[in-house]
Amino acid sequence: MTAKPLLVTSYADPDLDGVACMTSYAEFLNKTGIVAEAGIFGTPHEEAQFIAKNFNVELPRSLSSSNEFERIILVDASDIIGLEGNIPPEKVIEIYDHRKVNEAEKFPNAKVHIELVGAAATLIAEKFYADNVDISKSSALWLYAAIISNTLNFQANVTTERDRAMAAWLEKRSGAPEDLAYRMFSAKSDLPGPKLGECIVHDFAWFEWGKTRVGIGQIETIRAGGLMAREAEIREIMKDLKIKFALDFIHLQILDIENGCDIFIADEKTQNLLSPVLNVAFKNGVARTDKLLMRKEVAPLIKDYLER
Ligand SMILES: [Mn+2]
């Protein structure tokens, strides 16, 4: 049996941006004469499942290994950590991502497109736009929803004019309801019982800079205040994660979309790191910022601080 030509995929347990990019970029390639297939490793984030369930679009196929493919394209992904499915770095021929901190150089054969826009979805939408390739309604919806999610409905500092331009272009082609953003963020904010822990664990990310291992949890909610009633529970979950990943530092940042701020929860050691990095004061292990900060903004600040 000969191997299939081309797989488009992202990190294991991909978020909405990853799912949107793999589905749409596979469509783009197929429409431009390159046979390609989108595939997911692990379980897509709830937000991606929410879009699939509520807007009648299909999730890409689930895979357990990449062995059946000759070549691989990574979208919304550019690190070896976080990949699954036995992906040999030399099989990766192209990378689309928007992370400042990345390991793209570890993929020797990849054509790398890393641009610091709010969503990787913007980079894929620009492919359709620039080459005048007819985008399907479902791909337009996936990409539009991913831009809203990644830019926190255009409020996050990572938002660029390119994200706004592509979102406007996609919206017209997506058939999305006007209240899409509100519905997405409401669904995400509903974290009863064990869902809170699942949300933190599923979206957790850790980094290794030099010999230092830093873990960052992130929750995006409409209003962060309600979750503070569950601070003790949150600290238990973080304690477990710190041990599980042998981390030196760990914090959770709760993004409050309505009030445009973050609440940081950290242990004592991490507070001493974050105070100068973010220029905030902790009180009883909790600090508040005066603007929205995403993990992908905080991670490079910590890295720079540790390396200087
Ligand atoms: Mn992304």
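What you are looking at is a predicted structure, and each value in this text was computed from that prediction instead of being measured.
- A distance-only check finds a donor-acceptor pair linking the side chain of Gln271 to the backbone of Ala266 [under 3.5 Å].
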Would you mind writing out the side-chain donor-acceptor pairs for residues 48-58 within the sub-3.5 Å range, not counting sequence neighbours?
residue	atom	partner	partner atom	Å
Gln49	NE2	Pro44	O	2.8
Asn54	ND2	Phe50	O	2.9

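- In this structure, the side chains of Leu278 and Asp262 stay at 4.5 Å or more apart for every pair of heavy atoms.
- Judged purely by atom type and a 3.5 angstrom limit, Ser149 has no side-chain atom pairing as donor or acceptor with the backbone of Ala145.
- Cluster annotation: Tyr144 and Met166 are assigned to the same hydrophobic cluster (Ile/Leu/Val/Met/Phe/Trp/Tyr, side-chain heavy-atom contacts under 4.5 Å, transitive).
- Counting heavy atoms from C-beta outward, Leu255 and Gln218 have side chains that approach closer than 4.5 Å.
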_Does Asp97 form a side chain to side chain donor-acceptor pair (under 3.5 Å) with Ser78? I'd like the steps, not just the answer._
CA-CA 6 Å; Asp97 201 7; Ser78 51; 2.6 Å; yes
What pairs of donor and acceptor atoms, side-chain ones from residues 291-307 against any protein atom, are under 3.5 angstrom apart with sequence neighbours left out?
residue	atom	partner	partner atom	Å
Arg295	NH1	Asp203	O	2.9
Arg295	NH1	Ile216	O	2.8
Arg295	NH2	Asp203	O	3.0
Arg295	NH2	Asp203	OD1	3.4
Arg295	NH2	Asp203	OD2	3.2
Glu297	OE1	Asn157	ND2	3.2
Glu297	OE2	Met294	N	2.8

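- Two residues are said to be in side-chain contact when any heavy atoms from C-beta on lie closer than 4.5 Å; Ile257 and Asn153 fail this criterion.
- Under the 4.5 Å side-chain heavy-atom criterion for ILVMFWY residues, no single connected hydrophobic cluster contains both Phe107 and Ile73.
- Phe28 is listed as a side-chain neighbour of Asp131, based on a closest heavy-atom distance under 4.5 Å.
- Side-chain heavy atoms closer than 4.5 Å link hydrophobic residues (I, L, V, M, F, W, Y) into clusters, and following such links, even through other members, never connects Val75 to Val92.
- In this structure, Asp15 contributes its side chain and His45 its backbone to no donor-acceptor pair below 3.5 Å.
- By the 4.5 Å heavy-atom criterion applied to side chains, Asp79 and Arg99 are counted as neighbours.
- Pairs of residues two or more places apart, or lying in two chains, that qualify as side chain to side chain donor-acceptor pair (under 3.5 Å) and include a residue from residues 23-36 are Tyr25-Glu94, Tyr25-Tyr96, Glu27-Lys31, Glu27-Ser136, Glu27-Ser139.
- Contact of the Glu37 side chain with the Phe69 side chain is registered, since non-hydrogen atoms from C-beta on lie closer than 4.5 Å.
- Within the 4.5 Å cutoff, the side chain of Val19 has heavy atoms near those of the Ile40 side chain.
- One hydrophobic cluster, built from ILVMFWY side chains closer than 4.5 Å, cannot hold both Ile34 and Ile72; they sit in different ones.
- Leu116 is not connected to Phe207 by any chain of hydrophobic side-chain contacts under 4.5 Å among Ile, Leu, Val, Met, Phe, Trp and Tyr, and they are in different clusters.
- Between the side chain of Thr270 and the main chain of His251, no donor-acceptor pair closer than 3.5 Å is present.
- Residue Ile200 belongs to a hydrophobic cluster whose other members are Ile81, Leu191, Leu196, Val201, Phe204, Trp206, Ile219, Leu227, Met228, Ile234, Ile237, Met238, Leu241, Phe245, Leu247, Ile250, Leu252, Ile254, Ile263, Ile265, Val286, with links defined by side-chain heavy atoms closer than 4.5 Å.
- The main-chain N or O of Asp256 is never found under 3.5 Å from a side-chain atom of Asn259 such that the two would form a donor-acceptor pair.
- Residues Asn150 and Asp163 form no side-chain contact, since every pair of their non-hydrogen atoms from C-beta on lies 4.5 Å or further apart.
- Applying the salt bridge (charged side-chain N to carboxylate O under 4.0 Å, His left out) rule to pairs touching residues 101-112 yields Glu103-Lys106, sequence neighbours excluded.
- Other residues, nucleotides and ligands place more than 12 heavy atoms under 6.0 Å from the CG atom of Asp179.
- Lys269 meets the side chain to side chain contact (heavy atoms under 4.5 Å, CB included) test with Asp248, Phe249, Asp267; sequence neighbours excluded.
- Heavy atoms from other residues, nucleotides or ligands lying under 6.0 Å from OH of Tyr129 number 12 at most.
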